Amino acid sequence: MNKLILIDGNSIAFRAFYALPLLSNQSGLHTNALFGYARLLEKIIEDEEPTHFLVAFDAGKSTFRHQAYKEYKGGRQSTPPELGEQFAPIRKLIDAYGIKRYEVSEYEADDIMGTLSRMGDEEGFKTIIITGDKDLTQLASEHTDVYFTKKGISDIEVYTPDHVNEVYGLKPLQIIDLKGLMGDKSDNIPGVPGVGEKTALKLLHAYGSVEGVYENIDAVGGKKLKENLTENKDTALMSKELATIYREVPFDFDLDSLKFDKDNNEKHAIFKEFEFNSLLENVDAEAAEEKEAFTDELTDDLSALGKNISLHLEVHEDNYLFNAPEYVAVTDGSKTFISRTEDVDTDELLKVLNHSDTVNSYDIKRQIALLSHLGIQFTDFTSDIMLASFLLDPSKKIIGVSETVQDYGFSIDSDDFVYGKGRNKKTPTEEEMISFLNDKVMAVHQSLPLVKEKLEKDEMLELWQDLEMPLSKVLADMELRGITVDVSRLKSMQEDIDVRLKEIESHIYELAGEEFNINSPKQLGVILFEKLALPVIKKTKTGYSTAVDVLEALLNKHDIIQYLLDYRTLSKLQSTYVVGLQNEIRDDSRIHTRFNQTLAQTGRLSSVEPNLQNIPIRIEEGRKIRRAFVSKDDDHVLLALDYSQIELRVLATITGDVTMTEAFSSDTDIHTKTAMEVFGVEHDEVTSLMRRNAKAVNFGIVYGISDYGLSQNLHITRKEAKAFIDNYLDSFPEVKQFMSDVVQDAKRDGYVKTLMNRRRYIPDIQSRNFNARSFAERTAMNSPIQGSAADIIKRAMVKYAEDEAAQKFNAELLLQIHDELIFDVPKDEIEAFIPVIQNIMEHALELKVPLKVDYGYGKDWYEVK
DNA sequence: GGGCGCACGC
DNA sequence: GACGTACGTGCGCCCA
């Protein structure tokens with residue numbers, strides 16, 4: 001039987017809001033009404049199993065009732081902002097459930113529901129109306145129940161005609177007469193003065209309706225009551241009319257279009273956004289029950305698979321470099337091979353891979369490394385779902401196959417669910433793994449066409465196929481190769497620093513008058529700002545700030561400060577680098593970092609375990625760490641090549657700024673040139689201070705910092721910083737134009753893009769919050785610059801790997817540090833190799849200005865400067 | 001185990 | 001005037 005659910009959208013929102021304490025999610029949105037709503041929807045869907053569903057909202061401020069009586073619904077308290085902000089998300093929530101919603105000016109939700117319930121009655125539907133408004137009970141009928149939410153929203157009172165009779169001794173339609181006589185405070189319906197519920201019911205029991213009361217007015221007892229009734233006859237009749245739900249709203253849709261399918265929804269994503277963790281678990285559990293989604297044929301014969309396959313090697317640990325795969329799964333979309341790794345014939349597997357037309361996967365870099373554990377050298381993957389997903393929206397956190405394929409409508413168990421987390425960690429049985437991996441590899445396989453379609457639509461197919469995928473293979477090589485580290489150099493540094501730290505420590509204790517944990521900002525704060533009573537410069541959320549800039553401001557106030565600064569520098573070196581790096585050296589005397597290709601919003605890479613993109617260089621003390629990174633042997637050297645001012649060259653290209661383009665074309669020092677323009681002086685008049693200021697402004701442009709950030713860098717006021725930026729923009733009008741254009745683009749499209757079409761979505765560009773919007777604007781301005789620079793060096797890496805001449809050399813790419821590449825090169829090839837790689841880098845992408853690559857080489861990373 | 005303060009690079 | 005201000009990684013501390 002058809003079952004139609006009609007929800008009174010606004011009424012339930014209010015009920016849910018007042019029923020629950022004020023919750024909010026991490027982005028600061030209040031979510032209590034939303035949560036109550038979601039819980040109600042869950043309950044209704046579970047208990048009632050509706051076939052048709054609609055949520056009706058009040059839309060118009062002026063309905064036909066207002067025209068009849070302008071005070072209608074007057075005097076209502078205004079909606080609290082904490083609830084107001086939830087109305088739009090509530091609509092989003094309803095959409096995510098796949099539930100239709102409707103609102104129309106002129107009519108109220110009551111009228112929409114009244115009309116639909118009439119239509120339902122006529123067509124033999126069972127209809128349930130859910131509301132927090134008793135007026136609606138007038139709609140109860142043989143086929144229509146009215147669910148009234150009492151205190152809270154989960155406590156429901158069901159109004160059938162019988163129950164209306166039990167409660168009021170009336171027929172449902174007489175509710176209108178009841179309101180006509182007694183009025184309704186909440187809707188500002190007046191009714192008859194002096195007539196409350198008791199009197200009204202008495203009158204209706206005797207005379208049936210408002211009209212009946214007046215037909216028998218002489219029989220009405222009580223002088224005052226009769227007088228009131230007589231004097232307010234018009235009001236009573238009007239009140240009745242106002243309370244009458246209109247059941248002939250003209251719709252441009254029929255009941256059929258309200259069809260509801262509980263399995264067709266996007267609940268998972270929306271629960272995540274609102275942080276409804278308890279509901280999320282339900283969704284995951286449901287998904288687990290339905291895990292027979294892919295009931296496909298398992299085969300133990302790899303060679304039985306077709307030519308278009310997806311491969312997935314599974315190991316739970318993050319670090320694929322040092323953990324061998326436990327299972328191998330391969331599918332062609334209809335037959336799937338799954339086996340424990342030790343039972344796989346690796347020769348057979350390699351043969352199958354080599355003879356396939358296409359090999360699809362999720363995270364091919366990981367797969368390449370895992371294959372190498374099996375002695376299989378295979379890199380010829382044709383697609384990578386993970387990389388695609390990242391390109392489609394880099395703000396989406398890449399977690400795993402399950403979370404990614406969710407976007408393409410596949411619901412499979414998450415890794416966290418299968419392997420457990422924290423104290424619930426578990427080792428799944430082989431049977432569980434086979435079922436899990438079958439889902440996983442099938443979901444990866446079946447996502448591919450959808451992924452490609454989206455990439456095509458967003459014009460990123462090329463970026464994916466010709467840049468990110470080949471880059472993944474280059475990065476796999478680099479990770480597997482590692483960089484040689486001379487542990488003895490770190491050991492001797494460690495001993496040296498240990499001695500010096502102890503020495504500094506004793507000075508600090510002496511000056512403080514007691515021993516304490518210098519590494520604890522909390523304890524240090526007490527010493528400095530309470531015991532030594534130094535002035536508090538800055539506070540953090542949790543107490544006194546003891547950051548470098550604070551300490552520097554206190555330098556001349558107390559002798560302890562210099563020791564603290566030295567201690568900080570040395571202990572950072574010791575813990576993170578000298579000791580930290582030793583812990584990462586493997587049996588091959590090398591460090592194997594991993595590059596994350598799907599994290600940084602701008603398209604940059606990042607590096608973990610360890611991070612080799614932040615090895616000290618600025619301070620001599622720290623720079624010595626680089627002595628530990630050495631060439632593979634005495635016949636090799638390390639070669640470092642870095643792009644000079646790549647971001648500003650990109651900026652010159654994107655904006656077409658004439659002055660800047662000219663400066664780069666003639667290889668002028670860009671910071672000096674900037675100073676000349678900003679300060680309006682000749683070349684020889686640029687002081688070192690001017691150049692430093694200009695350099696900081698350029699830095700700000702590249703990284704998208706605010707006037708505040710610039711003021712902090714230069715130790716000037718925000719006003720002065722703003723003046724610098726304004727001067728800069730006036731000096732480079734094309735840059736100024738670009739900055740305003742790109743913000744407009746972001747507003748229009750919702751995203752900005754790089755020279756190679758990499759996107760970054762900027763939703764906050766529309767924000768009413770000044771800070772959020774300002775930040776979004778700077779992001780819009782900066783992302784194309786930094787992102788294009790990332791595109792360029794990535795392209796250089798790929799071109800290098802694909803360049804026949806370059807590959808003839810025995811050079812090995814070791815590291816990428818945003819604008820720099822580090823190679824290990826045979827000594828006898830170095831002179832010949834440099835121009836080849838330099839040329840590749842400088843022509844990775846043709847800009848309007850030349851790209852310039854500087855280089856240095858030596859026996860270790862310190863020497864390459 | 002997670003949040004925070006801090007510091008390193010680009 | 002708004003009130004927190006490039007990104008990312010990793011360390012030690014501290015609290016649960």
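Everything quoted here is computed from the prediction, not taken from an experiment. Quick note on labels: first sequence line is chain A, next is B, and so on, each numbered from 1. Computed over heavy atoms, backbone and side chain alike; hydrogens, waters and symmetry mates excluded.
A/Y708 comes within 4.0 angstrom of a nucleotide base, judged by non-hydrogen atoms across all strands. The residue A/S706 sits close to a base: some heavy atom pair falls under 4.0 Å. A/S545 comes within contact range of the sugar-phosphate backbone alone, with a heavy-atom separation under 4.0 Å but no base atom that close. Heavy atoms of A/Q712 sit nowhere under 4.0 angstrom from any nucleic acid atom. Among the heavy atoms of the strands lying under 4.0 Å from A/S607 are primed sugar atoms or P, OP1, OP2 only; no base atom is included. Residue A/L573 is classed as having no contact, given no heavy-atom separation below 4.0 Å to the nucleic acid. Residue contacts shown for A/S774 are absent, as no nucleic acid heavy atom lies under 4.0 Å away.
When each of C/dG10, B/dC6, B/dG9 is scored by its nearest atom to the side-chain atoms of A/P521, the top-ranked nucleotide is B/dC6. Listed candidates were C/dC11, C/dT9, B/dC6. Nearest to the side chain of A/S575 is C/dC11. The side chain of A/A547 approaches B/dA7 more closely than any other nucleotide in the set B/dA7, C/dT5, B/dC10. The side chain of A/R568 lies closest to B/dA7, out of C/dC14, B/dA7, B/dG5. Residue A/V548 has its side chain nearest to B/dA7 when only C/dG4, B/dA7, C/dG12 are considered. Distances from the side chain of A/N517 to the nucleotides C/dC13, B/dC10, C/dG4 place C/dC13 closest. The side chain of A/S520 approaches C/dC13 more closely than any other nucleotide in the set C/dC13, C/dG12, B/dC6. The side chain of A/N771 approaches C/dC3 more closely than any other nucleotide in the set C/dC11, C/dG8, C/dC3. Comparing atom distances between the A/K572 side chain and each of B/dC8, B/dC10, C/dG8 picks out B/dC8 as nearest. Comparing atom distances between the A/L599 side chain and each of C/dG8, C/dC7, C/dT5 picks out C/dG8 as nearest.
Defined by atom type and a distance below 3.5 Å, a donor-acceptor pair is missing between the side-chain atoms of A/N769 and A/S767. A/S783 and A/R760 form a side-chain donor-acceptor contact under 3.5 Å, judged by distance and modelled atom types alone. Using modelled atom types, one finds no donor on one side chain facing an acceptor on the other under 3.5 Å when comparing A/R758 with A/T602. Between the side chains of A/N596 and A/T598, a donor-acceptor pair is found at a separation under 3.5 Å.
Rounded to whole Å, atom P of C/dT5 lies 20 Å from atom CD1 of A/I701. Across the protein-nucleic acid pair, A/N519 atom CG and B/dG5 atom P stand 16 Å apart, rounded to whole Å. If you measure from atom NE2 of A/H818 to atom C1' of C/dC7, you get 8 Å, rounded to the nearest angstrom. B/dC6 atom P lies 18 Å from atom CG of A/N614, rounded to whole Å. Across the protein-nucleic acid pair, A/Y567 atom OH and C/dG12 atom P stand 11 Å apart, rounded to whole Å. Going from atom NZ of A/K538 over to atom C1' of B/dG5 covers 11 Å, rounded to whole Å. Here C/dG8 presents its P atom at 15 Å from CD of A/Q597, a figure rounded to the nearest Å. The separation between A/L524 atom CG and C/dC14 atom P is 11 Å, rounded to whole Å.
Side-chain rings of A/F322 and A/H592 approach one another, their centers coming within less than 6.0 Å. No close placement of the A/F770 and A/F775 rings is indicated, their centers lying 6.0 Å or farther apart.
Remark: A/T576 is not in phosphate contact with B/dC8, judged by side-chain N or O atoms under 4.0 Å from OP1 or OP2. Neither OP1 nor OP2 of C/dC14 sits under 4.0 Å from any side-chain N or O of A/T542. The phosphate of B/dC8 (OP1 or OP2) has no side-chain N or O of A/R618 nearer than 4.0 angstrom. Contact check, A/S571 against C/dG12: no side-chain N or O comes under 4.0 Å of OP1 or OP2. Checking the phosphate oxygens (OP1, OP2) of B/dG5, a side-chain nitrogen or oxygen of A/T540 falls inside 4.0 Å. Listed pair A/K522 / B/dC4 fails the phosphate criterion, with no side-chain N or O lying under 4.0 Å from OP1 or OP2. Phosphate proximity of C/dT5 to A/R778: absent, as no side-chain N or O sits under 4.0 Å from OP1 or OP2.
A/Y703 does not qualify as a stacking partner of the C/dA6 base, lacking a centre-to-centre distance under 5.5 Å together with planes within 30°.
Contact check on A/R500 versus A/E621 returns a salt bridge, with a Lys/Arg side-chain nitrogen under 4.0 Å from an Asp/Glu carboxylate oxygen.
Distance check on atom P: B/dA7 versus C/dA2 gives 28 Å, rounded to whole Å. A distance of about 15 Å separates the C1' atoms of C/dA6 and B/dC8, rounded to the whole Å. C/dT5 and B/dC4: their P atoms are spaced 12 Å apart (whole Å). Nucleotides B/dC6 and C/dC3 place their P atoms 23 Å apart, quoted to the nearest Å.
With hydrogens and angles left out, the side chain of A/N611 and the base of C/dG10 share no donor-acceptor pair within 3.5 Å. You'll find a donor-acceptor pair under 3.5 Å spanning the side chain of A/R604 and the base of B/dC10, going by distance alone.
Each of A/Q601 and A/Q523 has a nearest nucleotide on DNA chain C; the 5'-most of these lies closest to A/Q601.
When both pairing distances are held under 3.5 Å, B/dG2 makes a Watson-Crick or G-U pair with C/dC14. When both pairing distances are held under 3.5 Å, C/dC3 makes no Watson-Crick or G-U pair with any nucleotide shown.
Rounded to the nearest 0.5 angstrom, A/I398 CD1 and A/E403 CD are separated by 9.5 Å.
In this structure, A/R627 satisfies the cation-pi test against A/Y862, with its NZ or CZ atom closer than 6.0 Å to the six-membered ring centre and inside 45 degrees of the ring normal.
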